[in-house]
Number of protein chains: 2
Amino acid sequence: MAAATRSPSHAQDHILAERKRREKLSQRFIALSSIVPGLKKMDKASVLGDAIKYVKHLQEKIKQLEEQTKKRTVESVVLVKRYHLPADDDSNSSSNDDDDSKSNVEKAPEIEARASERDVMIRIHCEKQPGVLAKVLTEVESLHLSIVNSSVMPFGNSTLDITIVAQVTN
Amino acid sequence: MAAATRSPSHAQDHILAERKRREKLSQRFIALSSIVPGLKKMDKASVLGDAIKYVKHLQEKIKQLEEQTKKRTVESVVLVKRYHLPADDDSNSSSNDDDDSKSNVEKAPEIEARASERDVMIRIHCEKQPGVLAKVLTEVESLHLSIVNSSVMPFGNSTLDITIVAQVTN
DNA sequence: CTCCACACGTGATTC
DNA sequence: TGAATCACGTGTGGA
């Protein structure tokens, strides 16, 4: 009850440890205040408060941006159907997993087709991948089509625009 | 120097104020730790450290998402409406239609344009006419565009599909 | 029993 | 002069 902390050697140890703890905290406070923009008051309370407000703001912004990108990607896939590569398992795929931090943004290729007499035109706007042209061509030829003309154009950083004209072989 | 805190009435006031300040800080700490996901240690130091790390992560993510949306937004397809070429044809419409085997396909040229970064893609689906390519190219070049790639494909009997990739020259 | 983290009261400093 | 903030040393309680 009376004398709690004896052993003067460890007493000084305690005060030293506590001093170190405070220093660490102060350091973290400084670090936190350095990455939060628009800080007017450097109070500990203000730093914490503004940091909280800032984090909430960032979270909200991220949510909005992710919705935007999701909508955008879905919005530009309206043209034809979904592209079905062979050799892929068909699964139910109604998984309701919520997001992880990094969600892969999948871009569905836009495919447009039109026919006139014996000619068929296929236009594909997709991501630039090695071997995609050959894959598409073989895919097309595997049908009743003989390719008459084809053109591949790079567009932007990572996009390809493939135009194919083929004729039906009956 | 000697006696600092006079007025014993205000002495208790001081300790009270300090107590309130601590309470506010603790409250903020709790609030901060509640919005930072994946917290294992509830240490003040750990809360601060993880909050710092989390804020940095959010900032980085926002930067990436904003870049993505920028590209996506610009890349959206814009279907150009009826483009009236400076061709001066007074249409003798409707009167004597020759016996077409099929219904009249739309004669107005379809023009589609999309942009990504500095690249602009223009696709024209129109009737096959002599000199139409040169006309289109000069038309495009007369704008702020330098042509990077172009392709012309015949399609069907009397249709042309022109694809042009150009870059804005500012 | 030894660490570790916390809250407390208190003196000093600043506006 | 107050009011408000800070760092310090210390006691205490939980792993």
Side-chain angles (χ1 to χ4, degrees), chain A residues 1-66 96-103, chain B residues 1-66:
Chain A
M1 282 235 194
T5 307
R6 290 137 197 210
S7 62
S9 55
H10 296 55
Q12 209 71 11
D13 191 17
H14 181 35
I15 148 179
L16 186 71
E18 180 65 10
R19 199 174 292 182
K20 192 175 127 199
R21 168 180 167 269
R22 280 195 221 103
E23 181 126 357
K24 184 161 65 179
L25 280 186
S26 275
Q27 197 172 340
R28 301 265 167 99
F29 263 104
I30 297 179
L32 180 60
S33 61
S34 69
I35 63 173
V36 175
L39 275 178
K40 177 56 184 173
K41 309 279 291 182
M42 285 292 276
D43 285 324
K44 286 183 177 178
S46 301
V47 169
L48 280 183
D50 289 335
I52 294 174
K53 181 184 167 190
Y54 181 56
V55 167
K56 288 183 180 176
H57 176 244
L58 290 187
Q59 289 173 338
E60 192 66 25
K61 196 166 186 175
I62 282 190
K63 198 185 293 182
Q64 290 181 2
L65 285 180
E66 279 182 341
N96 54 349
D97 55 336
D98 238 349
D99 67 313
D100 273 32
S101 51
K102 344 180 135 182
S103 61
Chain B
M1 282 240 189
T5 306
R6 299 131 193 205
S7 58
S9 54
H10 296 52
Q12 208 70 13
D13 190 17
H14 178 34
I15 147 180
L16 187 71
E18 180 65 7
R19 199 174 293 183
K20 191 175 140 195
R21 167 181 167 269
R22 282 195 219 104
E23 181 127 359
K24 181 161 68 180
L25 280 186
S26 275
Q27 196 171 341
R28 300 262 168 104
F29 262 104
I30 296 178
L32 179 60
S33 61
S34 69
I35 62 174
V36 175
L39 273 179
K40 178 56 184 171
K41 309 281 289 182
M42 285 295 275
D43 283 325
K44 285 184 178 177
S46 301
V47 168
L48 281 183
D50 289 335
I52 295 175
K53 182 186 166 191
Y54 182 56
V55 167
K56 288 183 180 176
H57 176 244
L58 289 186
Q59 290 173 337
E60 194 65 26
K61 194 166 185 175
I62 282 192
K63 199 185 290 181
Q64 291 180 2
L65 283 180
E66 278 182 341

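Below, chain A is the first sequence line, B the second, and so on; all start at residue 1.
Note on A:Lys44: a side-chain N or O is less than 4.0 Å away from OP1 or OP2 of D:dA7. Between B:Lys41 and C:dA5 there is no side-chain N or O to OP1 or OP2 distance below 4.0 Å.
In this structure, the separation between NZ on B:Lys44 and NZ on A:Lys24 is 13.0 Å, given to the nearest 0.5 Å. Rounded to the nearest 0.5 angstrom, B:Asp43 CG and A:Arg21 CZ are separated by 8.5 Å.
A straight line from CD1 of B:Ile15 to P of D:dA7 spans 20 Å, rounded to a whole angstrom. Atoms NE2 (B:His14) and P (C:dA12) sit 11 Å apart, rounded to a whole Å. Remark: P of D:dA7 and CZ of A:Arg19 are 13 Å apart, rounded to the nearest angstrom. In this structure, NZ of A:Lys40 is placed 13 Å from C1' of C:dC15, rounded to the nearest angstrom. Remark: C1' of D:dT5 and CG of B:Leu16 are 15 Å apart, rounded to the nearest angstrom. Between A:Asp43 atom CG and D:dA4 atom P the separation is 11 Å, expressed in whole Å. In this entry the distance linking CE of B:Met42 with P of D:dA15 reads 14 Å, nearest Å. Distance B:Lys20 NZ to C:dA7 C1': 18 Å, rounded to the nearest Å.
Taking the side chain of A:Arg22 as heavy atoms from C-beta on, and the options D:dC6, C:dA5, D:dC8, the nearest nucleotide is D:dC8. Which of D:dA7, D:dC8, D:dT5 sits closest to the side chain of A:Ser26 comes down to D:dA7. When each of C:dA7, D:dT5, C:dT10 is scored by its nearest atom to the side-chain atoms of A:Glu18, the top-ranked nucleotide is C:dA7.
With A:Arg28 as the partner, the side chain to side chain contact (heavy atoms under 4.5 Å, CB included) test is satisfied by one option alone out of B:Val47, B:Asp50, B:Leu48: B:Leu48.
Side chain of A:Ser34 to backbone of A:Ala31: a donor-acceptor contact under 3.5 angstrom is found. Distance alone, capped at 3.5 Å, places no donor-acceptor pair between the A:Ser46 side chain and the A:Met42 backbone.
Toward the 5′ end of DNA chain D lies the nearest nucleotide of B:Asp13, the other residue of the pair B:Asp13 and B:Arg21 mapping further downstream.
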